[in-house]
Structures are given as structure tokens and as C-alpha cells.
2 protein chains.
Amino acid sequence: MPPSRSGRSQRRTDALSRERIVEAAVELLDAAGESGLTFRVLTERLATGPGAIYWHVANRGELLAAATDAVVDAALAAEPAEPTPQARIRALASSLFDTIDAHPWVAAQLSGSSWQAAAPRILEVVGRQVGALGVPEANWFTVTSVLVQYIFGAASQEAANSDVLDDRATYLDAVATTWSQLDPDAYPFIRTIAPQLRDHDDREEFLAGIDLILSGITAQYPPAG
Amino acid sequence: MPPSRSGRSQRRTDALSRERIVEAAVELLDAAGESGLTFRVLTERLATGPGAIYWHVANRGELLAAATDAVVDAALAAEPAEPTPQARIRALASSLFDTIDAHPWVAAQLSGSSWQAAAPRILEVVGRQVGALGVPEANWFTVTSVLVQYIFGAASQEAANSDVLDDRATYLDAVATTWSQLDPDAYPFIRTIAPQLRDHDDREEFLAGIDLILSGITAQYPPAG
DNA sequence: ACCTGAACACCGTTCAAGT
DNA sequence: ACCTGAACACCGTTCAAGT
């Protein structure tokens, strides 16, 4: 038993706090998705009544936002150390992709939350690299938005995929089968790419998209200027 | 009173059908967003009990998907007639953007639904133009995915924006104010672009993103080959 | 085959009451 | 200031019963 540091106010049952609530929320969300975050199970987990939680948190939406912030902050904690802005943008995108892979419920939060909450953090960190890319200041907002919106869009898709089934191969097989049964006259393109769906790697595909956008940026805003 | 076309089975109160249910669902969603679609008000509107609806539709999720399909199908009904594949992609993206502006609840459905349901329709119609662009067949899936994921991501953002407040200017002012109050040392980039946020036009910004991706495609897959 | 509507098992949120 | 827990007003969904 460790000696108590400050004689008084030593508690072995940690007090309820916003932090502990958010932490428990993240655990529930990770374990069971968005619908897994319930005040019932949250109160049970924290051994209190709902009123106690509402003392620290305005409502379910705010709790969801706080959980998202916590996870995104952790993802962006380390500054990317790569040598070029392109590589740093790739690294940031990678890290956000991995975060959403680990916490799929974050994706819906991010895409549904407009330019508030966690978005400024992401915008900031991506935007700095857009500046470093040599994009003229007048276009910073546009270019950064495009990158971030692509990241959110792809991340949502990835999250939706990973939600559906644990067995990815089985899932992709099922989709590819559905696709190959579509009317060939109405869906010639889909039928052609069905095999590509089966083989594709989400992460690689995602980064290929980042590269595509980066080369569009280079084409439209040549660095030499 | 018009003469009855087929003597028997003429009804003046139209029978309940999947179509009528989906139609009513779209109206409710348009009027009050995703949380506005409730079996309570749906049964009231259609003057039945919940069981009647469950006879035609498996559950709320399927109904939401069917409503999304209906709206997306309408948006893609007209083939784009523009002269170049680039212009046709722009036109498709525009039309999807407008659809989501009119039915913001569609955005969350599309980004949360993986490669099933409405996605194949969109993939097909965008993908054909990617083919016309001269992208090698091996990259069709990747390139089309990037475009569609960007469209979904940007659309979600737009939907989130339009959900928050009817008065767009007031909303953007509020966000810009929040941004300008962030710690300048931690958020130098955000502070720089805050005025750009105030002035920007979502639709223009969105299409600028499409153009950026299109020029990335041209750079990576030059048409002359 | 299709519809009715009461009932079930949940939700998020509130609030008087306690300490 | 912080916590308790019963109660309220909702949900989606089911199912025996009707036609």
C-alpha cells in the first residue's frame, strides 16, 4: 500500500469527472459502436445515476463530440517529421486513417460535425503543410478543405466497411457477387471493376487518392511560381 | 368524377404500398431531418398502425436506404450531355451536390453505407466518365473511388453546415469568430484562413475540389498516352 | 395477403431530494 | 458543489388477432 501523498482528500475510488466519463464513453464506443454508447450502460460502468453524468456533460451529443476530440487529439499529438510537405500530408492522412480504423464511430462524428469541434485541429495541421507546399495564400482554404473532405469521405467509407463485417474478405466477396449480378446493360462499368474491388487494399487506395490530390495541387500551383 | 377504368378494384383511398411509404418517409426526412423519420408520425401520416408498415418494409434502416435510393435515382436520372468527360463529371458532381443540399439527410446515408445500396449507381455513372477520360482500366476503381469519396465527404460537410442553421451567414460568422479566438500560437493557419471561411461559397469550393482532382488525374494519367 | 393496435423493451433526459 | 434514482416522454419492433 503506497503512502498517501497528501494526508487529506485521498480517495481510492476515483471521483467522477468529465475525463473519466469521456474515457468510459470511448471504451463503450470502441466496443459496440455508436449505438453502444448508452446512459444506461454508462451509469452502470461508472456506478452512478444518470444525473451524475448530466452534471458533467450537457447531453449525449456533447459526450460524443468530446470522445471524438479525445481520439483525434491523440492521433495528431505527434508532429509529422517527414522531410517534404507531401510526405507529411501523407503521414497525417495515414495516421487519421489508422485512427478511424481503430475507432470507426469517429468517422460519422467528423463528417457530420461541420467546421466545429475536432475539425479545426485537423484543418490546422493539414493546412500548415498546404502552406509549405507553396500554394498561394488565397487558395489555402480551398485546397485544405479538399484534402480534409477527401480524408473524411474516405474514412467514412472505410468505417462503414469495417462496421459491416469482421471478416473483410467475406464482405468484399458478397459485395463483388452482388455487383456481378447487376444488369450488365445498366452497369457495364461496375461489372468491369468488380474484380478490382475484391483485390483492393483500403489503405493503399486511400493513399493513392491523397497522391492524386497532391499531384493536382502541384499541377495547379506549381512550386517554382 | 372520372369513369372507372377497370370496373372492379377501383379504390379512392390509395392502398398502402412500399412506394407510398417511401414517399412519405422522404417528405418527413426533408421536413425534419433524420430524427424526423419516426414510425409514430409515419403511421399517423399514412393513417395506419406500425404493423402495416412493417409488412412492406423490414425496419427503419431499410426504409432509410430506400428513401436514399429514391432520391439518388432521381438525381441521376438525366444523362449528362456535356461535351467532355471532365465537364460531365463536373455536371454529375453538381447534381449530387444540389440533391444533398435539398435533402441533407442523404449525405449521412451515403457515407455510412459502404459500397452497397445507392453507391453502385453513383460509381457506375462517375466511373463511365473516368473511363472516357482515358484512365487505364487497371486504375478505374481507384480513381473512381477517389472522386466518389470526395463527393461524399464534401457533401456530408455541406449537409452538416446546412443542418446547423438556416441563416448561413450567421453560422459562418459564428464559426469564424470561434476560429479567430483560438490560441494564435497553436492555430496560426486557422487564424489566417478565417476570413476565407466567411467569404467562401460552398458550391464553388466543392467544384474547385473536383477540378483539383481532375487535374491530378490528367497529371498522373496523361490522355495522349 | 394485408392490416390493426396494444404491448414490450428499450431509449435520453429531468428533477426533487439528498449529502 | 456534486450525486442519487425514480419518473417522464419518447423510441423501434413484435405479435396475436382480425379481415
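These numbers come from the heavy atoms of this one structure, side chains and all, not from hydrogens, waters or symmetry mates. Chain naming here is simple, since letters A, B, ... match the order of the sequence lines and numbering starts at 1 in each.
dC11(C) atom C1' lies 15 Å from atom CG of Leu28(A), rounded to whole Å. The nearest whole Å value for the distance from the CZ atom in Phe39(B) to the P atom in dT4(C) is 15 Å. In this entry the distance linking CG of Leu42(B) with C1' of dC3(C) reads 15 Å, nearest Å. Here the P atom of nucleotide dG12(D) and the CG atom of Leu64(B) are 11 Å apart, to the nearest Å. Rounded to an integer number of Å, the gap from Arg18(B) CZ to dC2(C) P is 14 Å. One atom, CG of Leu63(B), and another, P of dC11(D), lie 15 Å apart when rounded to the nearest Å.
Shown here, dA16(C) forms a base pair with dT4(D); the pair counts as Watson-Crick or G-U wobble because both key distances fall under 3.5 Å.
Side-chain N or O atoms of Ser17(B) include one that pairs as donor or acceptor with a backbone N or O of Arg20(B) at under 3.5 Å.
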Show, in sequence, the C-alpha distance, side-chain angles and deciding distance for Ser156(B) and Ser111(B), and conclude whether the side-chain hydrogen bond (donor to acceptor under 3.5 Å, both in side chains) test is met. CA-CA 8 Å; Ser156(B) 295; Ser111(B) 19; 3.0 Å; yes
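We find that Arg18(A) and Glu62(A) are joined by a salt bridge, their nearest charged nitrogen and carboxylate oxygen being less than 4.0 Å apart. Between Arg128(A) and Glu124(A), at least one side-chain N (NZ, or NE/NH1/NH2) sits under 4.0 Å from a carboxylate O, which counts as a salt bridge.
Of the residues in residues 46-62 of chain B, those lying under 4.0 Å from DNA chain C by heavy-atom distance are Thr48(B), Gly49(B), Pro50(B), Gly51(B), Ala52(B), Trp55(B), His56(B).
Among the heavy atoms of the strands, none lies under 4.0 Å from Thr43(A). Across all strands shown, Leu37(A) has heavy atoms under 4.0 Å from sugar-phosphate atoms exclusively, and none from any base.
Ranking dG12(C), dG12(D), dC3(C) by closeness to the Leu16(B) side chain, first place goes to dC3(C).
Put simply, the side chain of Ile193(A) does not reach to within 4.5 Å of the side chain of Thr144(B), judged on heavy atoms.
In this structure, Tyr150(A) has its ring center closer than 6.0 angstrom to the ring center of Phe206(A).
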